[in-house]
Amino acid sequence: SVSNKLVSELTFKELLSLPLTTIARPPLLLDVLRSAHAIGENAKLVIEIKPGHQAAASALATLLLQNPELMSSVSVIMSFDAYTMHKLENELKSPNLKHVAGLLTSFSNRRALEDPNGSGVYPKLMLLTVADPPRHPCELQVGIEDTSPIDGWIKGSLDGVYMQFQQCMLEPDGAASLKKLSERYTVGIWGHAYVDPDDYETFSALVQEGSVSFVNTDLPEFFRKGISVQNGVLKQ
């Protein structure tokens with residue numbers, strides 16, 4: 001039956017036919033974006049496109065172009081697939097208006113995607129990389145010891161790179177390399193759950209010493225306590 005299938009095996013129609021415990025249908029990305037938009041400017045999504053899903057990148061570009069008011073509710077779009085990210089960048093920032101249904105009724109030109117100060121509100125488009133040996137053909141390997149390959153992958157069009165955490169990033173030389181990279185690109189750090197450190201001290205060091213913009217976390221209880229201690233509000 002449909003209920004015994006993996007989510008990855010379900011069609012879109014089958015997904016919508018499965019009610020949640022609340023009896024509501026599963027929310028669409030459009031529903032989630034509208035909710036984030038309604039909450040306010042501090043509610044932003046990070047969207048990852050799985051490798052090989054160029055069609056998903058095109059669909060995402062179309063959705064955002066048809067609903068430009070939701071663009072600011074997406075902080076980052078990222079993928080391990082460089083081709084997919086460059087395809088998304090091209091379709092999102094240089095759309096073929098004739099092929100984006102409803103786009104002309106949403107806005108007439110790029111100025112609709114700018115704030116009053118003239119700075120764009122496009123999401124950051126970032127390439128995910130690995131520090132460990134790649135396990136999939138699309139994965140690009142780079143360490144903080146030598147970040148020179150990143151320029152060729154970004155090609156002057158993507159906003160930055162989302163690197164795998166390395167312990168040496170917390171050491172003086174690694175932090176200095178991160179900071180230097182962050183002066184040129186938007187930099188994010190991801191790590192393996194239950195393997196890499198996920199605490200406030202690590203987060204703080206990466207942000208303050210390495211000047212990174214994003215750090216993935218599952219917000220474990222001790223992470224939240226670290227924030228409380230930093231703010232001086234933890235009661236003994």
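From a predicted model like this one, the values you see are computed outputs, not experimental measurements. Numbers here simply count residues along the sequence, with the first being 1.
The existence of a salt bridge linking Lys50 and Glu48 is confirmed by a sub-4.0 Å separation between a basic side-chain nitrogen and an acidic carboxylate oxygen. Salt-bridge formation is detected for the pair Arg184/Asp151: a Lys NZ or Arg NE/NH1/NH2 atom is positioned less than 4.0 Å from an Asp or Glu carboxylate oxygen.
Side-chain atoms of Asp199 come within 3.5 Å of backbone N or O of Glu201 as a donor-acceptor pair. Under the 3.5 Å distance criterion, the side-chain polar atoms of Glu9 are matched with a main-chain donor or acceptor of Leu6. Between the side chain of Gln164 and the main chain of Ile189, no donor-acceptor pair closer than 3.5 Å is present. Distance alone, capped at 3.5 Å, places no donor-acceptor pair between the Ser204 side chain and the Tyr200 backbone. Checking side-chain atoms of Gln54 against main-chain N and O of Thr84 turns up no donor-acceptor pair under 3.5 Å.
Taking all atoms of both residues into account, the shortest heavy-atom contact from Pro68 to Leu65 is CD-O, 3.5 Å. When all heavy atoms are compared, the tightest approach of His37 to Leu70 is CB-CD2, 3.6 Å. Minimum interatomic distance between Leu64 and Pro123 (heavy atoms only, all atoms of both residues): CD1-CG, 4.5 Å. Taking every heavy atom of both residues into account, Met163 and Gly143 meet most closely at CE-C, 4.0 Å. Counting all heavy atoms, side chain and backbone alike, Ser211 lies closest to Lys179 at OG-CG, 3.6 Å.
Phe165 and Leu178 fall within a single hydrophobic cluster, where Ile, Leu, Val, Met, Phe, Trp and Tyr side chains are chained together by heavy-atom contacts under 4.5 Å. Under the 4.5 Å side-chain heavy-atom criterion for ILVMFWY residues, no single connected hydrophobic cluster contains both Tyr162 and Ile49. Val215 and Val76 fall into different hydrophobic clusters, defined by Ile, Leu, Val, Met, Phe, Trp and Tyr side-chain heavy atoms under 4.5 Å apart, directly or through other members. Residues Val46 and Ile77 do not share a hydrophobic cluster, defined by chaining ILVMFWY side chains whose heavy atoms lie under 4.5 Å apart. A chain of hydrophobic side-chain contacts below 4.5 Å, direct or via other Ile, Leu, Val, Met, Phe, Trp or Tyr residues, connects Leu140 to Val142.
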Applying side-chain contact (heavy atoms from CB on, under 4.5 Å), run through Tyr83 and Cys138 and close with a yes or a no.
CA-CA 9 Å; Tyr83 177 82; Cys138 70; over 6 Å; no

Evaluate the criterion side-chain contact (heavy atoms from CB on, under 4.5 Å) for residue pair Met71 and Leu92; output intermediate values, then yes/no.
CA-CA 11 Å; Met71 196 82 75; Leu92 190 61; 4.2 Å; yes

Give the C-alpha distance, both sets of side-chain angles, the deciding distance and a yes or no for side-chain contact (heavy atoms from CB on, under 4.5 Å) between Val207 and Phe214.
CA-CA 8 Å; Val207 172; Phe214 302 95; over 6 Å; no

Please determine whether side-chain contact (heavy atoms from CB on, under 4.5 Å) holds for the pair Ile150 and Leu127, giving the CA-CA distance in whole Å, both sets of side-chain angles, and the decisive distance to 0.1 Å.
CA-CA 9 Å; Ile150 293 175; Leu127 180 64; over 6 Å; no

Could you go step by step and tell me if Lys5 and Glu14 meet the salt bridge (charged side-chain N to carboxylate O under 4.0 Å, His left out) rule?
CA-CA 10 Å; Lys5 290 184 178 180; Glu14 288 173 334; 3.3 Å; yes

For Glu139 and Arg135, what are the C-alpha separation, side-chain angles and deciding distance, and is it a salt bridge (charged side-chain N to carboxylate O under 4.0 Å, His left out)?
CA-CA 7 Å; Glu139 291 181 345; Arg135 293 185 297 176; 5.2 Å; no

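For the pair Ser58 and Lys87, the minimum side-chain heavy-atom distance is below 4.5 Å. Counting only heavy atoms from C-beta outward, the side chains of Asn67 and Glu69 approach each other to under 4.5 Å. Side-chain atoms of Leu29 and Ile47, non-hydrogen and from C-beta on, do get closer than 4.5 Å to each other. Counting only heavy atoms from C-beta outward, the side chains of Ser75 and Lys124 never approach each other to under 4.5 Å. With contacts defined as side-chain heavy-atom distances shorter than 4.5 Å, the pair Leu206/Leu170 qualifies. Between Ile144 and Cys168, the closest side-chain pair of non-hydrogen atoms falls below 4.5 Å.
For the residue pair Ser79 and Asp81, no side-chain donor N or O sits within less than 3.5 Å of a side-chain acceptor on the partner.
Note: Thr217 OG1 to Asp198 CG = 3.5 Å, rounded to the nearest 0.5 Å. Note that CD of Glu89 is 10.5 Å distant from CD1 of Ile154, once rounded to the nearest 0.5 Å. We find the CG-CE distance between Leu128 and Met126 to be 8.0 Å, quoted to the nearest 0.5 Å. For the atom pair CZ of Phe80 and OG1 of Thr129, the computed distance is 7.5 Å after rounding to the nearest 0.5 Å. Rounding to the nearest 0.5 Å gives a distance of 10.0 Å between CD of Glu41 and OG of Ser73. Here the OH-CG distance, from Tyr185 to Asp159, works out to 11.0 Å after rounding to the nearest 0.5 Å.
Few gaps surround NZ on Lys44; more than 12 heavy atoms of other groups in view lie less than 6.0 Å from it. Counted within 6.0 Å of CD on Glu183, heavy atoms from surrounding residues, nucleotides or ligands total more than 12; the atom is thus considered enclosed. By the neighbour-count criterion of 12 heavy atoms within 6.0 Å, atom CG of Asp173 is sparsely surrounded, having that number or fewer from other residues, nucleotides or ligands.
When each of Met78, Lys93, His86 is checked for a side chain to side chain contact (heavy atoms under 4.5 Å, CB included) with Leu125, only Lys93 meets the rule.
By the 30° and 60° cut-offs, the orientation of the rings of Trp190 relative to His192 is perpendicular.
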